[in-house]
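Here's the structure, in structure tokens; my notes come after.
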Amino acid sequence: MKSSLAPGIQLITSFSRDSWYRGFTLFLTFLFYTAYHLSRKPISIVKSELHRNCSTVIRPADLNITDNATWCDWAPFDQDNYKTLFGVLDNCFLVAYAIGMFFSGIFGERLPLRYYLSAGMLLSGLFTCLFGFGYYWNIHSIWYYGFVQAMNGLMQTTGWPAVVACVGNWFGKGKRGFIMGVWNSHTSVGNILGSLIAGVFVSSAWGMSFIVPGIIIASTGILCFFFLVEKPEDVNCTPPQHHSEQESGEKEPLLHSSSSSERIFSGSSAISSEPAEAAEDHTEAISFCGALSIPGVVEFSLCLLFAKLVSYTFLYWLPLYISNVAHFEAKEAGDMSTLFDVGGIMGGIMAGLVSDYTGGRATTCGVMLLAAAPMLFLYNYIGQRSIGTTIGMLLLCGGLVNGPYALITTAVSADLGTHESLRGNARALSTVTAIIDGTGSIGAALGPLLAGLISPSGWNNVFYMLISADVLACLFLSRLVYKEVKGWCGRAPRQRGFKEI
């Protein structure tokens, strides 16, 4: 009698060769962007170590000092303007990142993604390590640290457009909200791991808080060079279907709702019924103005500018805020700040689920942004009263702040990037993604800089700035939200595509 196949083997063989390659690509791109964010996080953890309250630190008996107030600080961050200097460091990275992002999509379209990503991660690892070497080389120049941060910012722009383009090569149209919400957790996972790794070394030798993450992202660059497969055709797999659902015979639309949100996000039903071969040959890059003309790109780009302003201010300043207000040590503050990113993971997944179910990407973002404003106000006033309150408020604020950010940079970008003018062109998708994320990165640069300038006048003013940014982000979506709500109320005609926006 022939023995039955082992259950584990049955599970393995139930997936096709194409499915294994797609899953492997999704895992690799998740790992790569986790490493990118992991290497960005150490600066926020180390800030509270570079400038400490020296009166609470035990002074070595053999240390001959004349200034008891700053003996334990790292020059040049031992002066009263240390918060401004921290803001300068953040801004060096983020301004370079914002500028480079607009060009990164162009390079991502024209260079092999495997080489582009590998080189980007290796160079990011180098400049991350160089910041940490400043500890061992006893460097106290703000110009050195600013230059290293700026170069690292430029290298980091290689990541997002390239991984999105790679995923676009392997995955066609489908219900993106939930899947991309889970995939986009690489941002928060990277922040959490970066905080934990940096926290291990921050109190003993803060240079290692940068060197270890730098080695990790450089290692993933080597992994990318040896294992990334850019296109299904390279390994004789079936290319994904980029045509609309009606053409492919699917009974369910991309979004459940038949409201005007479908006209915002779904691929147009007016897509040419050219053969698949003709669509695949349509690989020329979309122009910058052509990408901007896609309905919804400008609104979501401006919304992301303010949403990312809030998110990145927390990314770079939350550990220092917790340390100053709750009087935690540097490692404890860094560990506590990871709860914000845990909330961000849940918020991103929830935003994807809700937007898939309702068909309202803009409305989902708008509601979460509106809810985030009062929650930030409450966190500033009652968030440090107890450990339980701190944990709960960090989780809630993280979900509401990062949920819209995650939805726009993943599912919304993919929806807009599959507009009929692109014909499923994943190479052009990198330009659309770079425009949206590049505009958001301007806000990411402004937020930490404004926090550095405003924080000397009190943390309350920083939170007022963040609340105002959340409200502005919501206002930029008001037109799209109105059209979605109007469609749900039955006053808009049922028509798919972007043309009526």
Can any side-chain N or O of Ser124 pair as donor or acceptor with the backbone N or O of Asn152 at less than 3.5 Å?
no
The side-chain contact (heavy atoms from CB on, under 4.5 Å) partners of Ser386 (sequence neighbours excluded) come to Thr389
Less than 4.5 Å apart, side chain to side chain, heavy atoms only: is that true for Leu38 and Ile217?
no
Whether the Ser441 and Tyr312 side chains hold a donor-acceptor pair (N or O, under 3.5 Å, no angle test) is what I'd like checked.
no
Could you go through Ile349 and Leu353, starting from their C-alpha distance and side-chain angles, then the distance that decides it, and tell me whether this counts as side-chain contact (heavy atoms from CB on, under 4.5 Å)?
CA-CA 6 Å; Ile349 295 173; Leu353 281 171; 4.2 Å; yes
Would you please say whether a donor-acceptor pair under 3.5 Å links the side chains of Glu484 and Thr358?
no
In Å, rounded to the nearest 0.5 Å, how long is the span from SG of Cys397 to CG of Leu376?
5.0 Å
Before giving the answer on side-chain contact (heavy atoms from CB on, under 4.5 Å), spell out for Asn402 and Asp341 the whole-Å C-alpha distance, their side-chain angles and the decisive distance to 0.1 Å.
CA-CA 8 Å; Asn402 285 338; Asp341 292 297; 4.3 Å; yes
State, with a plain yes or no, whether a side-chain heavy atom of Leu369 is found less than 4.5 Å away from one of Cys303.
yes
Where Asn91 and Ala445 come nearest, the two heavy atoms and their spacing:
OD1-O, 2.6 Å
Exercise: identify the closest heavy-atom pair between Leu94 and Ala444
CD1-O, 2.6 Å
To check you understand the geometry: which heavy-atom pair defines the closest contact between Met465 and Gly447, and what is its length?
CE-O, 4.0 Å
Does any part of the side chain of Leu117, heavy atoms only, come nearer than 4.5 Å to the side chain of Tyr36, both counted from C-beta?
yes
Once rounded to the nearest 0.5 Å, what's the spacing between atom CZ of Phe300 and atom CD1 of Ile436?
8.5 Å
Please name the pair of heavy atoms, one in Leu480 and one in Ala362, separated by the smallest distance, quoted to 0.1 Å.
CB-CB, 3.7 Å
So which heavy atom on Gly366 is nearest to which on Cys474, and how close?
O-SG, 3.5 Å
Please tell me if the side chains of Leu318 and Leu394 come closer than 4.5 Å, counting only heavy atoms from C-beta onward.
yes
Contact between Val235 and Arg17 at the side-chain level, heavy atoms closer than 4.5 Å - yes or no?
yes
Ser188 and Gly344: which non-hydrogen atoms are nearest, and at how many Å?
OG-C, 3.9 Å
Any Lys/Arg nitrogen of Asp234 or Arg114 sitting under 4.0 Å from an Asp/Glu carboxylate oxygen of the other?
no
Is there a side-chain contact between Gln156 and Ser39 (heavy atoms, below 4.5 Å)?
yes
Check whether any side-chain heavy atom of Ile454 lies under 4.5 Å from a side-chain heavy atom of Tyr464, and answer yes or no.
no
Checking side-chain contact (heavy atoms from CB on, under 4.5 Å) for the pair Tyr405/Val310: CA distance, chi angles, key distance, verdict?
CA-CA 10 Å; Tyr405 164 33; Val310 178; over 6 Å; no
Criterion side-chain contact (heavy atoms from CB on, under 4.5 Å) on Asp90 and Leu449, from CA distance to verdict
CA-CA 7 Å; Asp90 296 340; Leu449 175 63; over 6 Å; no
Would you call the rings of Phe24 and Phe227 parallel, tilted or perpendicular, taking 30° and 60° as the class edges?
perpendicular
Heavy-atom count around Met151 CE within 6.0 Å, excluding the residue itself: above 12?
yes
Looking at OG1 of Thr157 and CZ of Phe103, how far apart are the two atoms once the value is rounded to the nearest 0.5 Å?
10.5 Å
Can you say whether the rings of Phe463 and Tyr379 are parallel (under 30°), tilted (30 to 60°) or perpendicular (over 60°)?
tilted
Run through Leu396, Ile391, Ile192 and flag the one making a side chain to side chain contact (heavy atoms under 4.5 Å, CB included) with Leu339.
Ile391
With a 4.5 Å cut-off on side-chain heavy atoms, are Lys41 and Pro213 touching?
no
How many angstroms lie between CE in Met101 and CG in Leu154, if you round to the nearest 0.5 Å?
10.5 Å
Does the plane of the ring in His186 sit parallel, tilted or perpendicular to the ring in Trp183? Use 30° and 60° as the thresholds.
perpendicular
Please tell me whether Tyr321 and Ser337 have a donor and an acceptor in their side chains that are separated by less than 3.5 angstrom.
no
Could you measure the distance from the CD1 atom of Ile467 to the CG atom of Leu472? Nearest 0.5 Å is fine.
12.0 Å
Whether the side chain of Ser311 engages the backbone of Lys308 through a donor-acceptor N/O pair (distance < 3.5 Å, no angle test) should be reported.
no
Quick one: does any side-chain atom of Thr220 pair with a main-chain N or O of Ala35 as donor and acceptor, under 3.5 Å?
no
Any side-chain to backbone donor/acceptor pair from Ser104 onto Gly100? Under 3.5 Å, distance only.
no
Find the distance between CZ (Phe30) and OG1 (Thr34) and round it off to the nearest 0.5 Å.
4.0 Å
